[in-house]
Amino acid sequence: MLQIPEHNIPIVEIKTDFDVQIFIKREDLIHPKISGNKFWKLFFNVNQYLENKPENPLLITFGGAFSNHIASVAAFGKQFNIPTIGIIRGNELENNWQDNPTLSEASKNGMQFFFVPREDYQNKEKLTQKFSEKYPNSLIIPEGGSNEMAVEGVQYMLGNDTKDFDYLCTAVGTGGTIAGISRFAEEHQKVIGIKVVKDDSLGKMIQEWSRRNNFELIDADEKRYGKITDENIRFINWFYNEYHIPLDPIYTGKIMQKIFDLAEKSFFPKGSKILAFHTGGLQGIKGANQFLKSKGRELIAE
Ligand SMILES: Cc1ncc(COP(=O)(O)O)c(C=O)c1O
């Protein structure tokens, strides 16, 4: 069994001229490699699995070649001494994954890879069946790590220090994080999920996990899902200079820019106290910079 680690995560004020107060909770600092929401989403899944004392424990999961989740599962396995397998979307990196910063770090943390053509990767049910037959004692964690146990784990991102805020804001990918925040938020709090992926089924999924109606989903940038935009890079670099907090270009950079945008447009009532969760993802900056450099574009501060 894993012990819940001591955690004392700072909440930092982001001073602005807006008529609201903005704060950020540095969940990215919980662990140098398993940052933010990923730590809590994995914690109870793995703990429950280990409770049954599996013979030769093994964690298996899915993700893209730059995935924060893949990086986190590998680091989690290393930290708690459990072997890991990553089923990677697309087989184009099968022979040169060493150049990909996420995969090379995951491999250093002991992860073994299976590269799967994109068409086959879509069929997770079939893949899950195949891997559970091959490794019957393993724990197969869904892509992005969101499930009921992950939602339970997210409660540890909330505590006495988050109770006074009027708004709790987080990035939404697979929905487990916002569902946990929504489930465990105080009665008076409103939860804002900033969507960074196009998935129209997210609202329903989150509702099922959270069982509450205290959340609202807002698009980060509906026309440019998954894209790294120059405007966002400028924002991230400006934010880093101003507040000395790094942001990634897929999740946290997008949500902070959106929160600033919403504050400017008076979306939040005057005087509101807003808390954004820094859910990590900073490992992704290296891969993003590799791509940006190849295109001759501005790089991201790290
Ligand atoms: C850095 C970061 N922030 C936010 C999220 C979104 O979390 P969720 O998939 O639970 O919606 C992810 C994905 O796990 C992530 O890697």
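Just so you know, ligand 1 is whichever comes first in the structure, and atom 1 is the first atom listed for that ligand.
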*Asks:* Give me the residue, atom name and distance of the protein heavy atom closest to atom 16 (O) of ligand 1.
*Replies:*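 Result for atom 16 (O) of ligand 1: Asn68 ND2, 2.8 Å.
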*Asks:* List every atom of ligand 1 that sits less than 4.0 Å from any heavy atom of Asn37, numbering the atoms from 1 in the order shown and giving each element.
*Replies:* 4 (C), 5 (C), 6 (C), 7 (O), 12 (C), 14 (O)
*Asks:* Ring-plane angle category for Phe131 and Tyr135, please: parallel below 30°, perpendicular beyond 60°, tilted otherwise.
*Replies:* parallel
*Asks:* Please confirm whether Gly36 comes under 4.0 Å of ligand 1, counting heavy atoms of the residue only.
*Replies:*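 The answer is no: ligand 1 sits nowhere under 4.0 Å from a heavy atom of Gly36.
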*Asks:* So which protein heavy atom does atom 12 (C) of ligand 1 come closest to, and at what separation?
*Replies:* Tyr251 CE2, 3.4 Å
*Asks:* Evaluate salt bridge (Lys or Arg N to Asp or Glu O under 4.0 Å) for Arg183 paired with Glu208, printing each intermediate quantity in order.
*Replies:* CA-CA 10 Å; Arg183 189 191 288 180; Glu208 278 171 21; over 6 Å; no
*Asks:* Tell me which protein heavy atom sits closest to atom 3 (N) of ligand 1, plus the residue, atom name and distance to 0.1 Å.
*Replies:* Thr279 OG1, 2.6 Å
*Asks:* Can the positive tip of Lys190 be found less than 6.0 Å from the middle of the six-membered ring of Phe215, inside 45° of the ring normal?
*Replies:*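 Lys190 over Phe215 ring: no.
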*Asks:* Do any nitrogen or oxygen atoms of Ile178 come within less than 3.5 Å of a nitrogen or oxygen of ligand 1?
*Replies:* no
*Asks:* Under a 4.0 angstrom heavy-atom cut-off, which atoms of ligand 1 come close to Val172?
*Replies:* 11 (O)
*Asks:* So Glu152 and Lys41, salt bridge (Lys or Arg N to Asp or Glu O under 4.0 Å) or not? Walk me through it.
*Replies:* CA-CA 8 Å; Glu152 274 294 305; Lys41 289 204 303 184; over 6 Å; no
*Asks:* Which option, Gly173, Ala179, Gly281, owns the non-hydrogen atom nearest atom 6 (C) of ligand 1?
*Replies:* Gly173
*Asks:* Looking at Met157, is its backbone amide N or carbonyl O close enough to the side chain of Lys25 to form a donor-acceptor pair, meaning the two atoms are under 3.5 Å apart?
*Replies:*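 Yes, because the side chain of Lys25 sits within donor-acceptor range (under 3.5 Å) of the backbone of Met157.
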*Asks:* For ligand 1, which atoms have a heavy atom of Gly280 less than 4.0 angstrom away?
*Replies:*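 Answer, ordered by atom number: 1 (C).
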*Asks:* So which bit of Ala171 gets within less than 4.0 Å of ligand 1, heavy atoms only: side chain, backbone, both or neither?
*Replies:*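 Ala171 to ligand 1: contacts from backbone and side chain alike.
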*Asks:* Between Glu242 and Lys15, does any side-chain N to carboxylate O distance fall below 4.0 Å?
*Replies:* no
*Asks:* Out of Gln283, Lys38, His278, who is nearest to atom 1 (C) of ligand 1 when you count heavy atoms only?
*Replies:* Lys38
*Asks:* For atom 14 (O) of ligand 1, what is the closest protein heavy atom, and at what distance to 0.1 Å?
*Replies:* Lys41 NZ, 3.5 Å
*Asks:* Could you tell me if Gln129 and Glu133 have a donor-acceptor pair between their side chains, going purely by distance under 3.5 Å?
*Replies:* yes
*Asks:* What protein heavy atom sits nearest atom 9 (O) of ligand 1, and how far off is it?
*Replies:* Thr174 OG1, 2.5 Å
*Asks:* Parallel, tilted or perpendicular: which fits the ring planes of Phe267 and Tyr167, with parallel below 30° and perpendicular above 60°?
*Replies:* tilted
*Asks:* Decide, yes or no, whether a salt bridge links Glu216 with Lys195 under the criterion of side-chain N to carboxylate O below 4.0 Å.
*Replies:*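 Salt bridge: no.
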